There are 2 protein chains.
Amino acid sequence: MERNTRQRQAVLDAVERGGRALTPPEILALAREAVPSLNLSTIYRQIGTLQEEARLVKVLLPGQTPRYEPVCGQVHGDAGHHHHHFHCNVCDRVFSLHACPGSMQDLVPKGFVVESHEITLHGRCPECRRGARA
Amino acid sequence: MERNTRQRQAVLDAVERGGRALTPPEILALAREAVPSLNLSTIYRQIGTLQEEARLVKVLLPGQTPRYEPVCGQVHGDAGHHHHHFHCNVCDRVFSLHACPGSMQDLVPKGFVVESHEITLHGRCPECRRGARA
DNA sequence: GTGGATGCAAACTCTTTGCACCTTG
DNA sequence: CAAGGTGCAAAGAGTTTGCATCCAC
């Protein structure tokens, strides 16, 4: 599963051009600019294989449909670089953050062992900060 | 929408007896001990009204189906007390945490405004800390 | 007795799968 | 030319809704 089809290239381009975590329908819309016949199931299948190849990461935010972002969108080339996300309450877009407060071991009562953590921030992105877009 | 039906009582009891955040099917299973005819759609409807009455909170963890916990399971009686959750990687149970690191505004680049945050910790609960249960 | 609640089944949304056709290597 | 990929449509999982019946007040 790594044939270089127009569809595969369109999906990769879309995810990279997006510059942020995209939902499958968002990827479809972007990728259709290159390949109008593109189908949602192809998106899902490519998402699957691209994840296996570690070229894409699934971004899960509480209560939201899964999104996907390219692995090498950041400064560090190492796959799966630890980071968190910001969700804009207005435009519903998701942005990657590069800061992390570090260990959360002090948040838990005695006896619990923290192995990992996820932080999601919600608020307004720069674009939506002004301009009272509902 | 606050009639005291057997079904409503069974759902409330189930959620309180659970002692932790439960999924709709888990609530159904527990509540059926009292009312065997109980239907999943009734669970969902009661979940809805109990949330409106602030007797239940929806607990959303990244990539997990929604769970629900009673509002007054904690020390503070005030509804909707801000808290976070710990997910045990071994037994898959979810525990409430009462600590919070506070504002996360310093995690975001300039221009972003943080209005709220969610933190999910993953690891091992005291019970699963030893005893190599898969 | 009346209006809200329930149970069942159908509708919906999101994702996955089966299958015939098409394309890459 | 063969293996794998694509598009379409149908199947699944989880949640919601329409509707006739039932029951708490």
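No experiment lies behind these values; they were computed from the predicted model shown. In the text below, chain A, chain B and the rest are named by the order of the sequence lines, each starting its count at 1.
- Of the inter-residue distances, the one linking A:H122 atom NE2 with B:E118 atom CD reads 3.5 Å to the nearest 0.5 angstrom.
- Regarding A:R6, its CZ atom lies at a distance of 16 Å from the C1' atom of D:dG4, rounded to whole Å.
- Between A:I43 atom CD1 and D:dG5 atom P the separation is 15 Å, expressed in whole Å.
- In this model, a donor atom of one side chain and an acceptor atom of the other lie less than 3.5 Å apart for A:E69 and A:H83.
- Checking D:dT6, C:dT6, C:dA9 against every side-chain atom of A:Q46, the shortest atom distance belongs to D:dT6.
- In this structure, A:L38 atom CG and D:dG7 atom C1' are separated by 10 Å, rounded to whole Å.
- Rounded to an integer number of Å, the gap from CG of B:N39 to C1' of C:dG7 is 5 Å.
- A salt bridge links B:E33 and B:R17; the closest N-O separation between the charged side-chain nitrogens and carboxylate oxygens is under 4.0 Å.
- The side chain of B:T42 sits closest to C:dG7 out of D:dG4, C:dG3, C:dG7.
- Separation of atoms OG1 (A:T42) and CD1 (A:I27) is listed at 12.5 Å; rounding is to 0.5 Å.
- When the P atom of D:dT6 is taken as reference, atom CG of A:L28 falls 13 Å away, rounded to whole Å.
- Within the structure, a side-chain polar atom (N or O) of B:Q7 is placed less than 4.0 Å from OP1 or OP2 of C:dG7.
- Here D:dG4 presents its P atom at 14 Å from CD of A:E53, a figure rounded to the nearest Å.
- For the pair B:N4 CG and C:dG4 P, the interatomic distance rounds to 17 Å; values are reported in whole Å.
- Summarising the geometry, the separation between CZ on A:R45 and P on D:dA9 is reported as 14 Å, rounded to the nearest angstrom.
- Relative to the side chain of A:S41, the nucleotides D:dT17, C:dG3, D:dC8 differ in distance, and D:dC8 lies closest.
- Each of B:P24 and B:T5 was assigned the nucleotide of DNA chain D with the nearest heavy atom; the assignment lying further toward the 5' end belongs to B:P24.
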